[in-house]
Structures are given as C-alpha cells and as structure tokens.
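Note: hydrogens, waters and symmetry copies are ignored here, and every other heavy atom, side chains too, is used. In what follows, chains are A, B, ... by sequence order, proteins preceding strands, each numbered from 1.
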2 protein chains.
Amino acid sequence: MNMVDITAAQAAYRDELVEAGLLIPTGVDGLYGRSGVFEDVVERFDALVTRWGGQDGAEVMRFPPALNRQYFEESEYLKSFPHLAGTIHSFGGDEKAHRTLLRRLEEGQDWTEDQVATDVVMTPAACYPVYPTIARRGPLPGEGKLIDVFSYCFRHEPSIDPARMQLFRMREYIRIGTPDQVVEFRELWLERGREMMGTLDVPLDVDVANDPFFGRAGAMLSNSQREQKLKFELLIPITSTEKPTACLSFNYHQDHFGHLWDIHTADGGVAHTACVGFGMERVALALFRHHGFDTAQWPASVRKVLWG
Amino acid sequence: MNMVDITAAQAAYRDELVEAGLLIPTGVDGLYGRSGVFEDVVERFDALVTRWGGQDGAEVMRFPPALNRQYFEESEYLKSFPHLAGTIHSFGGDEKAHRTLLRRLEEGQDWTEDQVATDVVMTPAACYPVYPTIARRGPLPGEGKLIDVFSYCFRHEPSIDPARMQLFRMREYIRIGTPDQVVEFRELWLERGREMMGTLDVPLDVDVANDPFFGRAGAMLSNSQREQKLKFELLIPITSTEKPTACLSFNYHQDHFGHLWDIHTADGGVAHTACVGFGMERVALALFRHHGFDTAQWPASVRKVLWG
C-alpha cells in the first residue's frame, strides 16, 4: 500500500467511526469527542492494565494535562520535539487591550499574537511530571520506585489518521532505579504486554522503534535509539497491515532523566528509568477495527477479558 | 474572617493536603497531581452523580481538554472571560528557527514569543464542545436533548486556594430544549443536587451567584445575571465558612447558546439551554475537609453512599 492508499484508508476508517457515532468530529483533524461506547472500552482496557500491573505495588499519581513550564524547559523536550510541544498562552491586558482583542476578532484579524505564555505547558507524555516529583523526595529507596500514571497528552501533529490524535490518553508504568531493576522491568513488560494484548485477540507484533526526533540531528538520534534498542513498540494493524499502529511502547531512557533531574539510587548512582505506555485511544481503535463497532458482538473470549 | 485570614487558611489547607500526599505540588499555584486516594474519591463521586442522574437517559459524550479555536471564537467567551482563557501555541519553524529557540532557552531569554496559535484552545467549561455538536445535527427532537459530559477545564487564575485550580475536572448534565423543558431540568437538579450532597454529610447552602465577568462592563453583566437568578451555586465551606466554595452550579443560559449556535427546537423556536456542573476536585476537597484525610475513617453512612 502506498502513502496515497494509506491516507485513504485512514480517512475511510475515520469516517466510519464518525458515522457510527463512536468519534464526534470537532472540525479539527486529530481532535475528537467520543461516545459512551468508546469510553466504556477505554475504561475496561484501563482496568485490564491495572489487573496485569496492579500486583507490582506501583504508587498511583494522576496529573492534569499540563505541567510546570520550568520543568518542561529543563526536560530537553524542546531539543528533540519542538514541533510537537504545545504552550498555553493567556490574555494579561486591561480593558483597553480587551477592546483591541475583540475588535481584531470581529474584523477577522489575528487576535492571538498578544497572548502571553503562562507558567504551564501541555503534557507531552504522561511520565513527564513524575521525574521532578520523584527527584524532590531525595534518593530512591533500595528497591527503587514504580509509578502508575494516566494522563491526557498533547502533540501538535494534525492528521486525518484517527489513531494520531492531537489530544490522547496515555496510561504508563514507570520504573526508576538501578540499571538492573529498570532493564528487568522493561523485559517483564515486553513479555507481559504481548501476553496481555494476546488475550484481546488482535494481530500484533513487537518491533524496535524510534521517537520522531526533529530535523537532521534528529535523524542521528533516531538511528542511535534503534541501534541501542532503547525503544520497542507493540504494533497492531488498524488502517494498514504494512504500517501497523504502535499501541504500546516500551522505553528505556538509560540515565537521561536521572541526570536531568538529579535522581539518585540508594547507593548514590544516577538513577535509570524505563516506562511502558498504553495508548488508550489506539487500543480502542484497534479493538473496534478487529471486532466491529458493536461491542455486544465482540468474541466471547474478548468480552470476558474486558467485561468479566 | 478578613482576606488575610482567608488566604492563610487556604495556604494552610493546601500545605496539609500536600503533607498528607493527597495533592502533589508541581511548583505552579493551582496545578497539582493527586494521589490514588484522592482519585478514588473523585471516581466514587463521579459514580454517585451517575446514580442520581443516569436514569434520565442522557447521551454520554466525552471530549478532550481542548476545543476547536473557531468554535471558541464564536462562543463569545472572549467577550466575557478573556482573562481566564488559554490558547495552545506551537513551534512551526525550521531548523534555523529551532537553533534560535534553543539559544534563547539556553540564555534564559523568552523563547515563547515565536510560538504560533494552533487550531485548539483549552476547554473553559465542559459544556462548550456540546453546543456546536448538537447544532450540526439539525433541529432537536420534540423531547429536546440531555447530554452527559466530563472534562478537564482550564482557567488561568493561579491561586494558592487548593479549591481554585487552573486545571480541574467538571462533570455536567446539559439540557437543551424549550424554555419549559430547560427550566424544569434546572429546578429538578437544584432539588436533587441538594439532596444528593446531603447524603455526603457536609454542611451546604444553595445561593444565587454570578460568573466572574471581565472589567466594568462585566460588573453590569454580573448584576443582571444575579437579578434574573440565572445562576445558583451549591456552596460548601472548605477553608472558610464566610466564603464557602461553589461545588455544584446550576446555570440557565436562556437562549444565549441556542442563538449563537443556531440550535432550534422541533417547533422551530430558538433552543434554551441549562446545565448542572459538578466540580470534582472541589467536592473531593470538601469531603477531605469535613471527614478527614483517611477515607477508611469517614462516617459509615458516607462510606456506604460512595463505596456501597
């Protein structure tokens, strides 16, 4: 399938989802409301992730969809993914400035240029608020830390692919500790993620992957990430079998975040980190693709896994 | 209690919540992570709202925390609340512009001024994406519509009051129909909301209220809103008995949104709208204030209502 066909298949699936009422269009590519049926699948899958990962004793943290801009600036996200970030801006003017804003709006001019950056930035990945939080607590305990997060994330990449939303939800488990602890965690979830998704009766594959680094320097980072096998993805075909969609990802950051945030293990070493991420909308879209839009008609085994 | 005392009480309660681990500070006033215990209370309250409102046959819609900028511009929010809105901006430059951005960041200069407004704006209230969605469907059925939404909302009002977050969650039921249908809905929820919150054993009062309209013209709008009794709030003391916190609100918009979005009833009239909103974090904060930080020690009657 060439790019034209893939794009057509994405547009067709999006239209089907809208027609079925599962996605609610908003007039912006990659920004959708969802029906109660869609949300029920997301909630059931979220509960499934808890069933598979809940026994490991993770600390639950839930952050809003934005983070401290200072933390964001320190995270080096802007080095690698400036094109995906979203900063939140607001109006800080007086009544005269307000009249100017309204006049511009009325006349169809750009009224946004006087908006000023606030202290908050859209969360690019659910784990970002976790590292400074853990860093503030001082050295890790001997067993390290395991954190459970779930958050809306924003990435500025308008697309007609329903599996590439600008605002989407990501559940994550994050392991912070010694290299051994962290590598063991990622191995565990590479295996467990495959097994868990297997119970949902969808075709899947696990492959090495890279993040979408910006620019020419980014291409080198991507290559290096692949060579070191730092990122794996669990892929499920949604609108293309040749270009299946990453629904889970398994990331080993080495000591990148440990260095950035000064997180130390009990023995004084720089902490390593890894995370497993679950793309909630993507998993739901994969299930609707393979089992149909009527969840009552899904295979009995899948219904049992999700609804018990 | 004067303002100084109220501010001190707010700061003290915030510190207690952070100390107990229920709120996770992020370095920005009004932006907090929450523990699993806090989230459990939010989820249980959410389920309680469903128990009281679920039999009315509302259509469930779930929107992400941002909406189409064009819809936002048409909503007239900027006329009334320019100071609270948050627009999402992003980087659209090339590699040269990227180097400039990184140099500014490195040198501690403002790197945000070249960020450009995207097509999306933070959702200011959970019901905003609903009106254009309903308008697209054409005239209402004879019985009108009832919608169930739940969304993160953003308001740029940094505060040390833990009950005034910049990002918070709002559950809403929205009624769209004839004036009679809509007024009946609001009356129903004024009664039902009081009864439902009564089962949680917290002191409460219902009073007429106004939205925080901007500027001098806004003061007139506030007065008019109060005189016409368009907005009521269910208030619970959290950090002050003299200035209790609005935890639920009951809003009659008359034909404001119907006119704006061209929503018509079955008989061709302009639709009226009303909504009841539940401030999820505020209700949780009120419960922790009145029943303590250990949910296992909450009164048996309250535990039964929330956990069954």
Side-chain angles (χ1 to χ4, degrees), chain A residues 24 26-28 31-36 38-39 59-71 73 78-79 82-93 95 98 101-102 105 110-113 115 117-120 122 129 132-133 148 152 154 156 158 165-168 214-216, chain B residues 24 26-28 31-36 38-39 59-71 73 78-79 82-93 95 98 101-102 105 110-113 115 117-120 122 129 132-133 148 152 154 156 158 165-168 214-216:
Chain A
I24 302 166
T26 70
V28 171
L31 190 76
Y32 305 99
R34 273 98 34 183
S35 70
F38 192 106
E39 291 300 288
E59 178 180 343
V60 174
M61 296 185 185
R62 293 290 180 263
F63 290 92
L67 71 160
N68 184 338
R69 178 150 67 90
Q70 188 195 323
Y71 292 163
E73 291 171 352
L78 285 167
K79 269 193 193 166
H83 54 308
L84 298 178
T87 43
I88 303 181
H89 296 227
S90 76
F91 170 81
E95 296 189 60
H98 184 219
L101 186 163
L102 292 180
L105 183 60
D110 182 10
W111 60 271
T112 64
E113 53 185 35
Q115 296 281 99
T118 68
D119 285 341
V120 293
M122 299 303 284
T133 300
D148 169 343
Y152 262 105
F154 175 84
H156 185 245
M165 295 189 186
Q166 295 196 60
L167 273 155
F168 57 94
F214 180 75
R216 276 167 302 180
Chain B
I24 303 166
T26 70
V28 171
L31 188 76
Y32 306 100
R34 273 98 33 183
S35 71
F38 192 106
E39 291 300 288
E59 178 179 344
V60 174
M61 295 184 184
R62 294 290 180 263
F63 291 93
L67 70 161
N68 185 337
R69 178 150 67 90
Q70 189 194 322
Y71 292 164
E73 291 172 352
L78 286 166
K79 267 194 194 164
H83 54 307
L84 298 177
T87 44
I88 303 180
H89 296 227
S90 76
F91 170 80
E95 295 189 61
H98 184 218
L101 186 163
L102 292 180
L105 182 60
D110 182 11
W111 60 273
T112 64
E113 53 186 36
Q115 296 281 100
T118 68
D119 286 340
V120 293
M122 299 305 283
T133 299
D148 168 344
Y152 262 105
F154 175 83
H156 185 245
M165 295 190 184
Q166 294 196 61
L167 273 155
F168 58 94
F214 181 74
R216 276 168 301 180

Highest number of heavy-atom pairs under 4.5 Å with chain A among B:Glu113, B:His83, B:Gln115 belongs to B:Gln115
With chain B, the option among A:Gln70, A:Met165, A:His156, A:His98 that has the most non-hydrogen atom pairs under 4.5 Å is A:His98
The interface call for A:Met61 against chain B, heavy-atom contacts under 4.5 Å, is both
Among B:Leu102, B:Asp119, B:Leu78, the residue with the most heavy-atom pairs under 4.5 Å to chain A is B:Leu78
Greatest number of non-hydrogen atom pairs under 4.5 angstrom with chain A, of B:Gly27, B:Gly215, B:Pro65, falls to B:Pro65
Okay, B:Leu105 and chain A: the region with an atom under 4.5 Å from a heavy atom over there is side chain
Counting heavy-atom pairs under 4.5 angstrom with chain B, the leader among A:Ala117, A:Gly92, A:Pro132, A:Pro82 is A:Pro82
The interface call for B:Ala85 against chain A, heavy-atom contacts under 4.5 Å, is backbone
Under 4.5 Å to a heavy atom of chain B? For A:Thr87 that would be both
CD1 of B:Ile88 to CD of A:Gln166, rounded to nearest 0.5 Å, is 8.5 Å
Do the side chains of A:Met122 and B:Met122 get nearer than 4.5 Å, heavy atoms only?
yes
Honestly, the part of B:Phe154 sitting under 4.5 Å from a heavy atom of chain A is side chain
To the nearest 0.5 Å, atom OG1 of B:Thr118 lies from atom CG of A:Leu31 at 9.5 Å
Worksheet item: Taking side chain as C-beta onward, heavy atoms only, is B:Thr26 less than 4.5 Å from A:Pro129?
Response: no
Subject >> Any A:Tyr71 side-chain heavy atom under 4.5 Å of B:Val28 side chain >> reply: no
Applying a strict 4.5 Å limit to non-hydrogen atoms, the region of B:Glu95 in contact with chain A is both
Angle class for the A:Phe91/B:Phe214 ring planes (parallel below 30°, perpendicular above 60°, tilted otherwise)? perpendicular
The reported gap from CD in A:Glu39 to CG in B:Asp148 (rounded to nearest 0.5 angstrom) is 10.5 Å
Honestly, the part of B:Leu84 sitting under 4.5 Å from a heavy atom of chain A is neither
Bottom line for A:Glu73: the part with an atom under 4.5 Å from chain B's heavy atoms is both
Applying a strict 4.5 Å limit to non-hydrogen atoms, the region of B:His89 in contact with chain A is both
Honestly, the part of B:Thr112 sitting under 4.5 Å from a heavy atom of chain A is both
Scored by heavy-atom pairs under 4.5 Å with chain A, the best of B:Thr133, B:Leu67, B:Leu167 is B:Leu167
With chain B, the option among A:Trp111, A:Phe63, A:Phe38 that has the most non-hydrogen atom pairs under 4.5 Å is A:Trp111
